[in-house]
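Below is one structure, written out as C-alpha cells, with a few remarks after it.
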Number of protein chains: 2
Amino acid sequence: MSENSFRNSGIAAVAALAGVSTGTVSKALNGTGQLRESTRLRVRAAAEEVGWLPNGAARSIRSGRTYTVGVITTDSYGRFSIPILRGVEDALGLGEMLCFLCDSRDDPIREQHYVRTLLARQVDGIIAVGRKVDPRTPLGENLPVPVIYAFAPSTDPQDCSVTADERGGARRAVDHLVKTGRRRIAHITGLENHASAALRAEGFLAAMASQGLEPVGDVWYGSWSEEWGHNGVRALLANHPDVDAIFCGSDQIARGAAYELERHGRAIPDDVALIGVDNWSPFTDGYRPHLSSVDLNLSTIGRRAGEALLSALDGAPRPGTQIVDCDLIVRESSGPRG
Amino acid sequence: MSENSFRNSGIAAVAALAGVSTGTVSKALNGTGQLRESTRLRVRAAAEEVGWLPNGAARSIRSGRTYTVGVITTDSYGRFSIPILRGVEDALGLGEMLCFLCDSRDDPIREQHYVRTLLARQVDGIIAVGRKVDPRTPLGENLPVPVIYAFAPSTDPQDCSVTADERGGARRAVDHLVKTGRRRIAHITGLENHASAALRAEGFLAAMASQGLEPVGDVWYGSWSEEWGHNGVRALLANHPDVDAIFCGSDQIARGAAYELERHGRAIPDDVALIGVDNWSPFTDGYRPHLSSVDLNLSTIGRRAGEALLSALDGAPRPGTQIVDCDLIVRESSGPRG
DNA sequence: ATGAAAGCGCTAACAT
DNA sequence: ATGTTAGCGCTTTCAT
C-alpha cells in the first residue's frame, strides 16, 4: 500500500520520477501557475508513488506563517479548558491549523517560558485559556502575534477577550423559576472570592429585585463541592423552611442539595425546584432527578476565541471583551408547577 | 522593557549590531565552535537588544527534527486523556518539546487526516491516546516516525503500547477488603462489553478465588453511572442482605452505591465497605464518606508513553505492551474493622 | 578566532 | 507550458 508507506522524499525525487523540474512539481502540487493537465496528473501520481508529503518547516520558512496556534492553559487541561479547546479546534478548521497545547499549571514562570517557546516556534497566534472568569494579567506586552484570552479575560480592556455571561446565566435561572411559579428562591454558591460566585450572585440579586422578590436569606457562600450542597441546604431549611426553589452555583452543589432535600422529605421539583450551573453531565444526569443547569457554552467561547484569532490574522483585530450568552437547560429538577 | 518587546529580527540583524558575521552569531548563540568570550558576550547582548528569537522552522529544515510530537486522542480531550497528557508533557521535558493536540473524535477519517497533517509538519513522533483499554487498530503501517499507544493499546503486539493494569487494580481492591476482614464481597460494574469491565471482573474473580472466597452474586454488570450504583445496590441487597463489601467499577457507581446503602440503613464502612475505580475527586471526595478508589495512574501511563517515545527517537524502540501498576487509595469508605 | 559560502525543502519571480 | 534560480533563517564545513 503506497497509501500508508510514507517515505517522505522531497520534491526533487518527485521531479526526477515525473521527469520535470522542481518548479513544475511545486506548481502541480499547489495548483498554481499554468500547467498541462496531463503534467499535473503525472506529477501527482509521482508524488503519490514516492510517498511525498509537504515539509511544513520549509513552507513556513518562506511564508512566515506556520498555521499553528499556541494554546496556553492555566487549567491543567481541566474541565473548563477541554470544551473550550474543542471550540478552538472547530474554529481553526479541521486540521488546517494545529494547536500546540501548553499547560502553565498557573505558574507565571512556566507561562513566560511557554510564551517564548511558542514565539520561537513562530506560532501565528496565541490563545490563553483560563479556568475561571477572574481577569488575569496579560501574557506580555508588544507580542509580535495576536493574543486572545478565553474564559479568563485580560485585565487590559484593549486586549481581545472572550468570556461567559455569568450574570445573564443567573438571570435566566431566576426568570425560569419565577415563570414556573416559584417565589421563595435561595442561592447557594461557591467561594465568595471567586469572580464566578460574585457575578452570579450579582445577577441573582438583580433578577430577583427586578421581579420584585426578596431573596431567601443572604447569598449562601461556601465551597464548590457536593458536600456544601448538603450543608447549605441543612442551614437553609433550618432558617427558611418555606423555600421553594434553590439556584445552586454548580451542579455538584445542586446534586448535594438534591440528596439533602430528599433526606428532609422535600420532593423535587414539587416542593423545591433546583437549578445548577455548568451542565456537567456526570452530575446533572448522574441520578434522579436530572438537574436543570446553566450551560456556560464553553465550546462557543472557544470557537469565538478561535474566530477572533483568525480575524486578527486577517488584519481585523477585535479589541475588547466579547461576552458569550449562557443557556438554561431545563430538566426534571425545575419542571412543572405551571 | 526589551524583556517583552519581541521584534524577531533574524540572525543577520544581530550580526550587524555586534559587528560580526552570521556564522559567528550562530556559534555564539549555540555555544558551539571556538569564540573569544568577549565576542560571545557581545553577540548575546546584541541578540537581547534586537529581541532575537530562534526561528524553529529554519532550524527544523536543517536538522530534520522539530522537537514536536503529535498527540491524537479519541477522547475529545476527556477525562482520561487529560491526566495522560500531563504525564506526556512531563516526560517531554518542560517545553523542550511541544505537543500538537488533535482530537479525532473517534472518527477514523479524521484520524487519518491528522496523521497526514502531523507527518507533513514533520513531527518527531506520535502518541495515540485512547479513552478505554480496549485495543485499537494501529494508526498506519510503515509510518516514518515512531508511534506510541497510550491507555488503549494497539492490536499489533509489535507496536509499543502503554496501558493500565486493570486486573491488578481489582486484585488490590479485593486483597485490601479481605485483609480488613470482609468476606461477603460483591462487584457492581459498568458495561459488560467494555474491556475495562471485563478485565476488572476477571481480576476480581481471580482474586476472590485465590482467597478461597465466593463472590456475592454474579458480577453485576450495568452502566457507568451513579444511577446504576443505586439500582445495583438495591438488587444486591434484595438477594444478598449479608453482603459486607462492594467493589464498584467506577467512583460514580460507588457514589450512587453509598447513597443507596445509606437509604437502607447500612453504615459505611462498618456494615458495608466500598471501593471505586478512577480516583476521580469530584466523586471520591464530594461527600461523606470519602471513597476508597483504585487509581489507574494515568499520568504515569502518559509519562511512560513520553519516555518510550524519547527512547525510540534515541534509536532504542521498545516494542510490546508495557503495563503500569494501579494504586489503591484507601479512604473512609473501606476503613477499619481490623 | 572569525568569515564566507553552501545548502536544508520549498515557492515565486523571471526566463525560455 | 515548463525550466532556472534566488532566497526564506539558520547551521556548518572549510578557508583564512
Side-chain angles (χ1 to χ4, degrees), chain A residues 6-44 46-47 50-68 116-117 119-124 144-145, chain B residues 6-44 46-47 50-68 116-117 119-124 144-145:
Chain A
F6 301 97
R7 261 161 288 156
N8 232 3
S9 310
I11 214 182
V14 179
L17 183 62
V20 296
S21 75
T22 58
T24 304
V25 171
S26 175
K27 286 163 198 152
L29 262 17
N30 294 301
T32 55
Q34 358 229 42
L35 262 42
R36 220 176 320 176
E37 192 55 22
S38 62
T39 316
R40 212 176 280 280
L41 290 172
R42 191 153 39 88
V43 171
R44 294 239 167 99
V50 298
W52 179 83
L53 279 178
N55 182 320
R59 283 186 165 170
S60 300
I61 207 183
R62 302 202 73 264
S63 65
R65 285 202 53 180
T66 54
Y67 296 91
T68 297
R116 307 196 119 250
T117 307
L119 292 177
R121 302 291 187 107
Q122 315 296 122
V123 293
D124 294 335
V145 299
Chain B
F6 301 97
R7 262 161 285 158
N8 231 5
S9 310
I11 213 181
V14 179
L17 182 61
V20 295
S21 75
T22 58
T24 303
V25 172
S26 175
K27 286 162 200 154
L29 261 17
N30 294 301
T32 55
Q34 359 229 42
L35 263 42
R36 222 175 319 175
E37 192 54 23
S38 63
T39 316
R40 214 176 278 282
L41 290 171
R42 192 153 39 89
V43 171
R44 294 237 167 100
V50 298
W52 179 83
L53 280 178
N55 182 320
R59 284 185 165 169
S60 299
I61 207 184
R62 302 204 74 264
S63 64
R65 284 203 52 179
T66 53
Y67 296 91
T68 297
R116 307 195 119 251
T117 307
L119 292 177
R121 302 291 187 108
Q122 315 296 121
V123 292
D124 294 335
V145 299

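Note that the structure is a prediction, hence the values are computed from the model and not measured.
- Put simply, NZ on B:Lys27 and OG1 on B:Thr22 are 9.0 Å apart, with the number rounded to the nearest 0.5 Å.
- Nucleotide D:dT12 holds its P atom 13 Å from the CG atom of B:Leu29, rounded to whole Å.
- Atoms CG (A:Asn55) and C1' (C:dC8) sit 9 Å apart, rounded to a whole Å.
- Straight-line distance from the NZ atom of A:Lys27 to the P atom of C:dA15: 13 Å, rounded to whole Å.
- Rounded to the nearest 0.5 angstrom, A:Leu41 CG and A:Leu35 CG are separated by 10.5 Å.
- Note on B:Arg36: only backbone sugar-phosphate atoms sit closer than 4.0 angstrom, heavy atoms only; bases stay farther off.
- A straight line from CZ of A:Arg42 to P of D:dA1 spans 14 Å, rounded to a whole angstrom.
- Between the CD atom of B:Gln122 and the P atom of C:dG9 there is a distance of 9 Å, given to the nearest Å.
- Between B:Ile61 atom CD1 and A:Ile61 atom CD1 the span is 4.5 Å, to the nearest 0.5 Å.
- The interatomic distance linking A:Gln34 (CD) with D:dA1 (P) rounds to 6 Å, in whole Å.
- Residue-level contact check: A:Val20 touches the backbone only, with heavy atoms under 4.0 Å from sugar-phosphate atoms and none from bases.
- Nearest to the side chain of B:Ile61, among D:dT4, C:dT2, D:dG9, sits D:dG9.
- Separating the CG atom of B:Asn30 from the P atom of D:dT12 is a distance of 7 Å, rounded to the nearest angstrom.
- Of the candidate nucleotides C:dT2, D:dG3, D:dT11, C:dT2 has the atom nearest to the side chain of B:Thr24.
- Candidate nucleotides C:dC10, C:dG3, C:dG9 were compared by shortest atom distance to the side chain of A:Ile11, and C:dC10 ranks first.
- Checking C:dG9, C:dA13, D:dC10 against every side-chain atom of B:Arg59, the shortest atom distance belongs to D:dC10.
- Each of B:Ala58 and B:Thr39 has a nearest nucleotide on DNA chain C; the 5'-most of these lies closest to B:Thr39.
- Summarising the geometry of B:Asp124 relative to B:Val145, their closest heavy-atom pair is O-CB, 3.6 Å, with the distance given to 0.1 Å.
- Across D:dT2, D:dC8, D:dC10, the shortest atom-to-atom separation from the side chain of B:Arg62 is found for D:dC10.
- Note: OH (A:Tyr67) to C1' (C:dT11) measures 13 Å, nearest angstrom.
- Where A:Ser26 and B:Gly33 each meet DNA chain C at their nearest nucleotide, the meeting point lying more 5' is that of B:Gly33.
- Residue A:Thr66 is tested with A:Arg59, A:Gln122, A:Arg121 for a side chain to side chain contact (heavy atoms under 4.5 Å, CB included); the sole match is A:Gln122.
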